[in-house]
Amino acid sequence: MFSYATSASARIGTALALTGALALLCLAPPARAGAPGTVPAAAAPEPGDVVVSEDFASGSLPDGWRAIDGDWQVEDGRLVGAAASGTRKLTFGPHLADYRFEATARFDTVAEATRWFALGLDVPASGATPWWIATLRSGSTAANGAEFAQLTTAGSWNVTDTAAAPYAAATGRDVKVRIEVHGHRAAWFLDGRQLMRTNRLQRSADGGLALVVNGSQVSFDDVKVTALGPNGHLRPEGAPVTVVAHRGASSSAPENTMFAQEVGRRSGADFIENDVQLTKDGVPYLLHDTTVDRTTDGTGDIRTLTAAQLDTLDAGSWFSPHFAGARVPTLAAQLADLRTRGGSLLLEVKRADTREQVAAMIDVVRAEKMTDRVFVQSFEPRHLRWVHELAPELPLGLLRSTLDADPVAVAADLHLTSYNPSGAALDARPGVVAELHRAGVATMVWTIDSAAQWGKYDAYGVDGIITNRPAELAGWNQARTAPQKPAATVASPADGAVLDRAQRPVLAVTTEHADAAKVELTLDGEPREPGTVLDLGAVAAGAHTLRLTATGPGGTTVTTSTFTVKATRAGLGHLILASGGRPQTVEELLGSLARGRYEQLGKQARKAGARGELPAATAELISADAKELRAG
């Protein structure tokens, strides 16, 4: 919320140099001796450590910040990067696997609306390719207004993800950008709201950070980099819940099929959730039930059927004739599709009696080179123990129909990334979400299919929702993360206030979700500046209307407030004393006021105004107030 009751205070910043840890890790020159820092010189950053914090108050480029190309200068407390054409960059900072990178940025000039700036996410200190960036165009409402992209060693762009911002960054406007990176995954935030996610970053062993400008001049301020913990499945502030498509989009397509996976992908699901079991000959297939009877035209326990037999079954006709001929997919086929066409898998180990059976599933994940996009869950703790032994890099989730007595202890024992209870189980003890978060453990709730329930579990703070209706949940997320309409209130004079001329109210307004440059206030149609004193000696007695207009990314809000100026003896005396009239005239007017001779006072004021002994406008106000007091 921003208040205009007083003039904006000067921005106070504390210039923080790069820390000792940065000096050890960065490929650029070391931080200057004695510079303040957040991380001890000999320590690697811990989660929560601020490893870079710069407001450019020093007036020059911080030590260790390396202008690779282009014009980079510190001007008026901001870092200004200019690229008349092409792409220009500046590198800084350490290599971090998990971090938050945030800055305030403003397009000063652009060659055209397609030009952009970027936060460099994995950039060698030398600026050599390949490197990864998160970009924002001046015309950010375009379909590719924001991007995750890689500049390859061949000099070509590999754009992996795009999104349209809800409003244009334009020029002359500060925007707050934030990227949360966890290994190959990242989330893109604009002014505190998530625009998109990716799971396709390719990370180097030593790439650092950068600021990049293209065909524009951009000024940056308040650049901050914070080390994060490794669990990127915890929901960042401003992010919607993770959408997990249960058995694919199983409300719209036959469950655990490639059709359901495709619908789930197109719905905007962050994960496809599927069940995995082994055939008689040890091949992992997607199937929920122990038998194929319900979801195919065959019969029998999957463990009694070979892969060749399973491949002949129709897994779609039971759902709709439209899906006739759909097959029961192998885990390998599913992962190959996700790898080539996009998507991540929440793999539920459904039945496995031995470590070797679980190993057969993990072998497929590794063979398809998908360990960075698979999350394993199970109801069986032993399955998760085996997975951790076989592939400790895979995140783990424990499914629960009822809560454990101590979910945090269970999570620690099983090396869980996420604790995944049913909705009913979580309803019994919603506070467990916060307990798990404090321990660094995420929560995914299942299986939730209505907007009312989504709202409830979102309020609990869950990180993900497993649903049969991913398209609807994704749309619900989008609606809730749309820019909020501005709120605007005239705080002073208060609506309905009755004032006299001796008072000196300040024109005070409060706004939320509005651009400071797009807040307009009028008094009876005439522009007024918020934060200034309202001179009641210059307005007529009676009712007056203040009209406040506030515009922001979410639209425009107009509100009005009415106050009344009432004639009083004290107010009239103040008006006479502050009139600037001839001293003798002022004395005569005050004498008539003191004796209550209002008719005489009105005549005196009019005559004095006509003779130039009193400002004409003030003379009219004095006369009008005297008439009102006489009538009262």
Side-chain angles (χ1 to χ4, degrees), residues 15-33 35-45 49-56 58 60-74 79-83 86-103 105 116-135 148-158 177 179-184 186 201-214 218 220 222-228:
L16 297 178
L18 295 179
T19 66
L22 173 58
L24 292 174
L25 295 170
C26 184
L27 297 181
R32 57 182 177 272
T38 310
V39 182
D49 285 343
V50 177
V51 297
V52 176
S53 182
E54 184 58 63
D55 66 1
F56 308 105
S58 67
S60 59
L61 277 181
D63 287 347
W65 292 52
R66 182 177 180 182
I68 302 301
D69 43 34
D71 182 16
W72 295 88
Q73 304 290 332
V74 175
L79 173 64
V80 180
T87 301
R88 305 291 182 262
K89 56 194 169 295
L90 174 150
T91 61
F92 64 98
H95 174 80
L96 297 167
D98 307 289
Y99 64 93
R100 178 187 304 118
F101 186 177
E102 51 195 320
W116 48 267
F117 72 81
L119 304 189
L121 307 180
D122 195 307
V123 182
S126 65
T129 55
W131 36 266
W132 281 87
I133 57 176
T135 69
F148 284 111
Q150 179 195 41
L151 185 62
T152 69
T153 52
S156 60
W157 287 107
N158 169 31
V177 291
I179 313 297
E180 302 230 354
V181 177
H182 288 276
H184 66 281
L201 298 185
Q202 297 170 17
R203 302 301 305 278
S204 68
D206 57 4
L209 310 170
L211 295 172
V212 186
V213 294
N214 173 274
V218 182
F220 299 90
D222 299 324
V223 175
K224 184 177 178 181
V225 180
T226 306
L228 299 177

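Numbering starts at 1 and runs along the sequence shown.
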Does the side chain of Ile133 come within less than 4.5 Å of Leu151's, by heavy atoms? no

Backbone N/O of Thr152 and side chain of Gln150: donor-acceptor pair under 3.5 Å: no

Indicate the ring-plane relationship of Trp116 and Trp157, choosing parallel, tilted or perpendicular according to the 30° and 60° boundaries. perpendicular

Would you find a donor on one side and an acceptor on the other, under 3.5 Å apart, between the side chain of Asn214 and the backbone of Phe117? no

In sequence, state the C-alpha distance, the side-chain angles, and the governing distance for Leu61 and Leu90, and then conclude on side-chain contact (heavy atoms from CB on, under 4.5 Å). CA-CA 10 Å; Leu61 277 181; Leu90 174 150; 3.7 Å; yes

Value rounded to 0.5 Å, distance of CD in Glu102 from CD in Glu180: 8.0 Å

To the nearest 0.5 angstrom, please state how far the CZ atom of Phe92 sits from the CD1 atom of Ile68. 12.0 Å

I need the single residue from Leu121, Val123, Thr153, Asp122 that forms a side-chain contact (heavy atoms from CB on, under 4.5 Å) with Trp131. Which is it? Val123

Any side-chain heavy atom of Val52 within less than 4.5 Å of one from Trp65? yes

With side chains defined as the heavy atoms from C-beta onward, is the minimum distance between Val223 and Leu79 less than 4.5 Å? no

Without swapping roles, check the side chain of Asp49 against the backbone of Ala227 for a donor-acceptor pair under 3.5 Å. no

Flag, side chain of Asp206 to backbone of Pro124, donor-acceptor distance under 3.5 Å: no

A side-chain contact here means heavy atoms from C-beta on lying under 4.5 Å apart; do Val213 and Phe220 qualify? yes

Within the side chain of Trp132, is there an N or O that forms a donor-acceptor pair under 3.5 Å with the backbone of Gln202? yes

Counting distance only, does the side-chain N/O of Arg203 pair as donor-acceptor with the main-chain N or O of His182 below 3.5 Å? no

